[in-house]
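Below is one structure; the comments refer to it alone.
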Amino acid sequence: MLVLVTGCSGGDGGSGELASGKTATATITPANGAASVRPDGPIEVKAAQGTLQNVTVQGKGSTITGKMSADRKTWRSERTLTPATSYTVTAQVSHDGKTETVSSTFTTLKPARTLSIVDVTPNLEGEKVGVGMPIFVRFNRAVTDRAAVERALQVTPEKPVAGAWRWVAPDQVIYRTQTYWPAHQRVRFSARLAGLNLGNGTYGAKDVQETIQIGAAQITKGNINGHHMTVTRDGKKLRTIPFSAGNGTTREYTTTSGVHLLMEKGNPVIMEAPGRKPGDPGYYKQKVNYAVRFSNSGEYVHSAPWSVGSQGSANVSHGCLNVSPSNAKWYYDIMQRGDVIDLKGTSRDVEWDNGWSFWQLSFAEWKKGSALS
């Protein structure tokens, strides 16, 4: 067994000595006892004599693997290290028919600032999402080196489909596919942030992994002037539902056309006239049941027993899709976040950033928001 004896300088390698005083057969960088080691620096093991048989790195941070040279004289780590973490490198060296062990334990620096992921959506346990679902990633601070962070983010579906990231805020990036996700699969998201040097003393804090379940391809298509929408699942028709959409007397009372995504649901939901207060003309405040949101401008599919007589024939709502109580409950029960609802027939197109209406942008336009485009 070799005991590595070195100084405590931050990045220098140590040769180590045998118990008998002979020079060790390998050097490890960073040296044993080193502190405040830069997380973006490599671990390197070099055989001074013989060949390297095996190299392992143990620590509570990111899993560190490496690449051995063809002549087995050199091993070098392949990724960055977790900040403020202790690592132990152990190498077995074969020389003159014997195998000797050399090790080094060191600690990486505690940075002035760290970048962390504070939310990945969707990530609810057991949830299955629709085929239009984007992946939202939010950080604990504004990202200055967006390209470096974007390169560290990886999306791996079981059924391959092209996709790209788009930065929508200094601390948020969103992934959207070129076409809808193929249904019934798992998508793995990983962020290899640990030790990533982002400049100005900021390093990535830790890696993040999530698994996202894509469910059935549930697509709703509706013609606002035709007052009906058809729901399909995996290409098979489930139900055609009569509705009453926005009355169109004002822009806010005009249901938006375009490709929307189902965002959330609530039972009940309190709906109140935007920009109005009690006593103003057109003011309303009403509790509705089985409400499924599809924009940030107050549009839902919801139960409206008061307008059943108009559903399928006239548009009398304030912008929502009014459906019967039984149809509302059915739609509420089957909805998945990220299901597509594609509406047409009005002069008001939904904005691409109104809710999750990202499919309003072509993929070419979407990719322009990437730091790597």
Side-chain angles (χ1 to χ4, degrees), residues 120-136 155 157-159 161 163 174-187 189 211-224 228-243 245 255-267 269 288-303 319-324 326-345 349-361 363 366:
V120 178
T121 296
N123 67 350
L124 299 178
E125 186 175 355
E127 180 184 26
K128 291 184 178 180
V129 297
V131 295
M133 187 72 199
I135 300 173
F136 301 83
V155 177
E158 292 176 332
K159 303 173 184 179
V161 59
I174 300 174
Y175 186 87
R176 200 207 88 183
T177 46
Q178 183 173 9
T179 57
Y180 298 146
W181 296 106
H184 306 292
Q185 64 162 319
R186 288 179 297 182
V187 177
F189 164 78
T211 299
I212 299 161
Q213 294 275 354
I214 308 297
Q218 295 187 162
I219 309 290
T220 301
K221 292 189 176 182
N223 187 317
I224 294 168
H228 286 78
M229 63 185 189
T230 298
V231 185
T232 61
R233 177 184 292 153
D234 295 332
K236 296 180 180 180
K237 178 180 173 180
L238 295 182
R239 186 175 293 197
T240 295
I241 300 174
F243 63 74
T255 304
T256 57
S257 294
V259 181
H260 313 69
L261 298 179
L262 303 186
M263 301 167 61
E264 62 179 354
K265 61 183 180 181
N267 182 37
V269 169
V288 301
N289 293 325
Y290 302 114
V292 177
R293 179 191 285 272
F294 60 88
S295 81
N296 276 347
S297 52
E299 294 173 302
Y300 291 77
V301 177
H302 67 77
S303 173
C320 293
L321 298 186
N322 289 357
V323 300
S324 70
S326 61
N327 281 327
K329 184 180 186 306
W330 177 83
Y331 199 68
Y332 182 96
D333 287 342
I334 70 161
M335 76 83 71
Q336 304 169 131
R337 289 198 298 170
D339 283 347
V340 176
I341 178 166
D342 188 355
L343 303 174
K344 63 180 180 179
D349 288 337
V350 65
E351 302 85 357
W352 74 268
D353 56 352
N354 182 351
W356 297 353
S357 304
F358 308 130
W359 293 94
Q360 286 294 93
L361 291 182
F363 190 59
W366 178 263

*Hey, mind stepping through E127 and R337 against salt bridge (Lys or Arg N to Asp or Glu O under 4.0 Å) and telling me if it holds?*
CA-CA 9 Å; E127 180 184 26; R337 289 198 298 170; 2.8 Å; yes
*Side-chain H-bond candidate by donor/acceptor type, N322 with H302, under 3.5 Å*: yes
*For the residue pair F358 and W352, categorise the inter-ring angle as parallel (less than 30°), tilted (30 to 60°) or perpendicular (more than 60°).*
tilted
*Does the side chain to side chain contact (heavy atoms under 4.5 Å, CB included) test come out yes or no for W366 and Q178, once each step is laid out?*
CA-CA 9 Å; W366 178 263; Q178 183 173 9; over 6 Å; no
*Is atom NZ of K128 surrounded by more than 12 heavy atoms (other residues, nucleotides or ligands) closer than 6.0 Å?*
no
*V155 and V187: side chain to side chain contact (heavy atoms under 4.5 Å, CB included), yes or no, with the steps?*
CA-CA 7 Å; V155 177; V187 177; 3.5 Å; yes
*asked:* Listing request: all salt bridge (charged side-chain N to carboxylate O under 4.0 Å, His left out) pairs with a residue in residues 230-239, at least two apart in sequence or in separate chains.
replied: none
*Does the side chain of Y300 come under 3.5 Å of the side chain of S295 through a donor N or O and an acceptor N or O?*
no
_Against F294, only a single residue in V350, I341, L261 fulfils side-chain contact (heavy atoms from CB on, under 4.5 Å); can you say which?_
I341
*asked:* Rounded at 0.5 Å granularity, tell me how far OG1 in T177 sits from CZ in F363.
replied: 7.5 Å
*asked:* Could you tell me if the side chain of K329 sits less than 4.5 Å from the side chain of S303, heavy atoms only?
replied: no
*How would you list, by chain and number, every residue that makes a side-chain hydrogen bond (donor to acceptor under 3.5 Å, both in side chains) with Q213, sequence neighbours excluded?*
none
*asked:* Between L238 and W330, does the side chain to side chain contact (heavy atoms under 4.5 Å, CB included) criterion hold? Intermediate values first, please.
replied: CA-CA 11 Å; L238 295 182; W330 177 83; 3.9 Å; yes
*Check side chain to side chain contact (heavy atoms under 4.5 Å, CB included) between K344 and all other residues, then give those that pass, not counting sequence neighbours.*
N223
*Check whether the side chains of E299 and T256 place a donor and an acceptor atom closer than 3.5 Å, and report yes or no.*
yes
*pair V259-V340: side-chain heavy atoms closer than 4.5 Å*: yes
*Among M263, H260, Q218, find the one that has a side-chain contact (heavy atoms from CB on, under 4.5 Å) with D339.*
Q218
*Would you say S257 and I224 make side-chain contact, with heavy atoms under 4.5 Å?*
yes
*Evaluation steps, side chain to side chain contact (heavy atoms under 4.5 Å, CB included), between C320 and V301*: CA-CA 6 Å; C320 293; V301 177; over 6 Å; no
*asked:* Quick check against the 3.5 Å criterion: does Q360 have a side-chain atom that pairs as donor or acceptor with the backbone of G258?
replied: no
*Have S357 and N354 got a donor and an acceptor in their side chains that come within less than 3.5 Å?*
no
_Nearest-0.5 Å distance, CG of residue D353 to CD1 of residue I174_ = 9.5 Å
*For the atom pair CD (E158) and OG1 (T211), what is the distance rounded to the nearest 0.5 Å?*
9.0 Å
*Quick check: does any side chain N or O of T255 sit under 3.5 Å from a backbone N or O of G319, one acting as donor and the other as acceptor?*
yes
*Passes ring-ring contact (aromatic ring centres under 6.0 Å, His included), F136 versus W356? Steps please.*
CA-CA 10 Å; F136 301 83; W356 297 353; 5.2 Å; yes
*Ring center gap for Y180 and W359 short of 6.0 angstrom*: yes
*Report yes if the side chains of T121 and M133 come closer than 4.5 Å at any heavy-atom pair, otherwise no.*
yes
*Using modelled atom types only, decide if a donor and an acceptor are shared between the side chain of K159 and the backbone of Q185 within a distance under 3.5 Å.*
no
*Answer whether the closest heavy-atom distance between the side chains of V231 and I219 falls below 4.5 Å.*
no
